[in-house]
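Counting begins at 1 with the first residue of the sequence.
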Amino acid sequence: MRFAAAPLVLSGQKSELRTFVEGDITANYLSWLNDQFTMRHSNQRFLVHDRRSSLRYLDSFKGTPNLFFSLFNSQTGLAIGTMTAYVAPHHGIADMGILIGARDSWGQGFGFDAWSTLLEWLSEERKIRKVTAGTLACNAPMLKLIHKSGMEEDGIKKHHEIVDGQPEDVLYFARFKSA
């Protein structure tokens, strides 16, 4: 049996983020990770995920400042995705990531709501001075979310990854905490 500190809960307008726990490793969650279309912009598409690999990933957060959340539709209570924040406290930075795994939740604003909620919390509560994110240039929904959240360009790795046989740039973005 695994014991952990009280889970962190962050509430947005449409979504709720809760510390990811072992019970969140469900058949539904594993189906998202193994769905080639859903993961087409992630390097996770090259892996096969099961309960054991998911437990290893969850365990990798223990004893670190990094955060792993389950993302829920606050109206229905259904799990619709996950979010991460890899935190470097000495530098005051955090790198965020998001997966909306439930395809029926795509395009409904859950991602932006959850992203904004975590972005603000990291800046205000955790006093993170710079929040970063990266995505492939071909990932239009993620680019829309990043721009809408007020993040600015922070770098490019030209032709860095191959997607559908074509080289794609990896774009990096950042938002600095207001003084």
Side-chain angles (χ1 to χ4, degrees), residues 2 4 15 17-73 78-88 91 93-108 110-112 114-115 118-119 122 130-149 151 153-175:
R2 298 166 191 266
S15 62
L17 296 164
R18 293 183 224 150
T19 302
F20 194 101
V21 296
E22 186 175 349
D24 293 324
I25 302 171
T26 63
N28 199 34
Y29 169 72
L30 293 172
S31 74
W32 302 338
L33 296 179
N34 290 305
D35 182 321
Q36 287 295 302
F37 184 75
T38 298
M39 303 307 284
R40 70 193 180 282
H41 297 123
S42 168
N43 283 322
Q44 297 302 308
R45 70 187 182 275
F46 302 118
L47 305 173
V48 175
H49 298 277
D50 59 17
R51 183 168 178 74
R52 189 174 321 141
S53 67
S54 297
L55 283 170
R56 277 194 308 271
Y57 184 67
L58 175 59
D59 285 345
S60 75
F61 286 83
K62 289 183 181 173
T64 75
N66 303 325
L67 303 165
F68 184 25
F69 292 101
S70 286
L71 169 57
F72 296 88
N73 174 327
L78 295 174
I80 60 172
T82 62
M83 287 193 74
T84 56
Y86 288 89
V87 180
H91 300 294
I93 59 174
D95 188 65
M96 287 176 39
I98 188 168
L99 165 66
I100 302 296
R103 287 196 204 181
D104 60 351
S105 296
W106 289 3
Q108 297 183 38
F110 293 108
F112 177 71
W115 188 267
L118 183 56
L119 183 60
L122 287 167
K130 180 182 181 183
V131 179
T132 65
T135 190
L136 292 166
C138 61
N139 190 347
M142 187 65 186
L143 288 171
K144 181 179 176 184
L145 182 152
I146 284 171
H147 289 299
K148 189 175 177 183
S149 71
M151 298 184 97
E153 289 183 20
D154 197 39
I156 299 173
K157 286 188 177 179
K158 293 280 194 188
H159 305 290
H160 193 69
E161 294 191 6
I162 303 295
V163 179
D164 297 328
Q166 297 298 314
E168 290 286 343
D169 294 348
V170 177
L171 309 176
Y172 294 94
F173 299 87
R175 192 171 98 175

With sequence neighbours left out, the residues meeting salt bridge (Lys or Arg N to Asp or Glu O under 4.0 Å) with Arg103 are Asp35
Quick one: side chain to side chain donor-acceptor pair (under 3.5 Å) partners of Arg51, sequence neighbours excluded? Glu22
May I ask you to decide if Ser149's main-chain N or O and Arg175's side chain share a donor-acceptor pair within less than 3.5 Å? yes
Is a side-chain N or O of Trp32 found less than 3.5 angstrom from the main chain of Thr38, in a donor-acceptor match? no
Measure across Leu143 and Ala137 and return the closest heavy-atom pair with its distance rounded to 0.1 Å. CD1-O, 3.3 Å
Kindly give the heavy-atom pair with the smallest separation between Ser105 and Ile100, and that separation in Å. CB-CG2, 4.1 Å
Pairs satisfying salt bridge (Lys or Arg N to Asp or Glu O under 4.0 Å), at least one member in residues 134-145, at least two apart: none
Mind checking ring-ring contact (aromatic ring centres under 6.0 Å, His included) for Phe61 and listing every partner two or more places apart, or none if nothing turns up? Tyr57, Phe68, Tyr86
CE of Met83 to CZ of Phe69, rounded to nearest 0.5 Å, is 8.0 Å
Is there a side-chain contact between Trp115 and Met96 (heavy atoms, below 4.5 Å)? yes
Using side chain to side chain contact (heavy atoms under 4.5 Å, CB included) as the criterion, list what pairs up with Leu78, not counting sequence neighbours. Thr76
What distance do Cys138 atom SG and Asp169 atom CG have between them, rounded to the nearest 0.5 Å? 9.5 Å
Residues Ala79 and Ala102: closest non-hydrogen pair is O-CB, 4.5 Å
Across all chains, not counting sequence neighbours, the side chain to side chain contact (heavy atoms under 4.5 Å, CB included) partners of Asp50 are Arg52, Ser53
Do other residues, nucleotides or ligands put more than 12 heavy atoms under 6.0 Å from the CD atom of Gln108? yes
Can you check whether Leu47 reaches Met39 side chain to side chain, under 4.5 Å on heavy atoms? no
Beyond-backbone contact of Leu67 with Thr19, side-chain heavy atoms, under 4.5 angstrom: no
Could you work out, with side chain to side chain contact (heavy atoms under 4.5 Å, CB included) as the rule, every residue matching Ala88, not counting sequence neighbours? His91, Ile93
List in chain and number order the residues that pass side chain to side chain contact (heavy atoms under 4.5 Å, CB included) with Ser70, two or more places apart in sequence or in another chain; answer none if no residue qualifies. Phe20, Asp24, Phe72
Residues in side chain to side chain donor-acceptor pair (under 3.5 Å) contact with Ser54, at least two apart in sequence or another chain: none
How far apart are the C-alpha atoms of Asp59 and Arg56, what are their side-chain angles, what is the distance that settles it, and do they pass the salt bridge (charged side-chain N to carboxylate O under 4.0 Å, His left out) test? CA-CA 5 Å; Asp59 285 345; Arg56 277 194 308 271; over 6 Å; no
What residues, two or more places apart in sequence or in another chain, satisfy side chain to side chain donor-acceptor pair (under 3.5 Å) together with Ser31? none
Not counting sequence neighbours, which residues clear side chain to side chain donor-acceptor pair (under 3.5 Å) with Thr132? List them please. Asp95
So, does Asn34 use its side chain to make a donor-acceptor pair with the main chain of Leu30 at under 3.5 Å? yes
Nearest heavy-atom neighbours spanning Leu122 and Val131: CB-CG2, 4.3 Å
Do Val170 and Tyr172 come within less than 4.5 Å of each other through their side chains, counting heavy atoms only? yes
Heavy-atom pair with the smallest gap, counting every atom of Ala133 and Ile146: CB-CD1, 4.2 Å
Compare all side-chain heavy atoms of Ile162 with those of Glu168 and state whether any distance is below 4.5 angstrom. no
Does the side chain of Leu71 come within less than 4.5 Å of Thr82's, by heavy atoms? no
Heavy-atom pair with the smallest gap, counting every atom of Ala85 and Leu118: CB-CD2, 4.4 Å
From Thr135 OG1 over to Met142 CE, what is the distance, rounded to the nearest 0.5 angstrom? 5.5 Å
Could you note down all residue pairs passing side chain to side chain donor-acceptor pair (under 3.5 Å) where residues 154-164 supplies at least one of them, sequence neighbours left out? Asn43-Glu161, Lys130-Asp154
Rounded at 0.5 Å granularity, tell me how far CG in Leu136 sits from OG in Ser42. 9.0 Å
Any donor-acceptor N/O pair, Gln36 side chain to Arg45 backbone, under 3.5 Å: yes
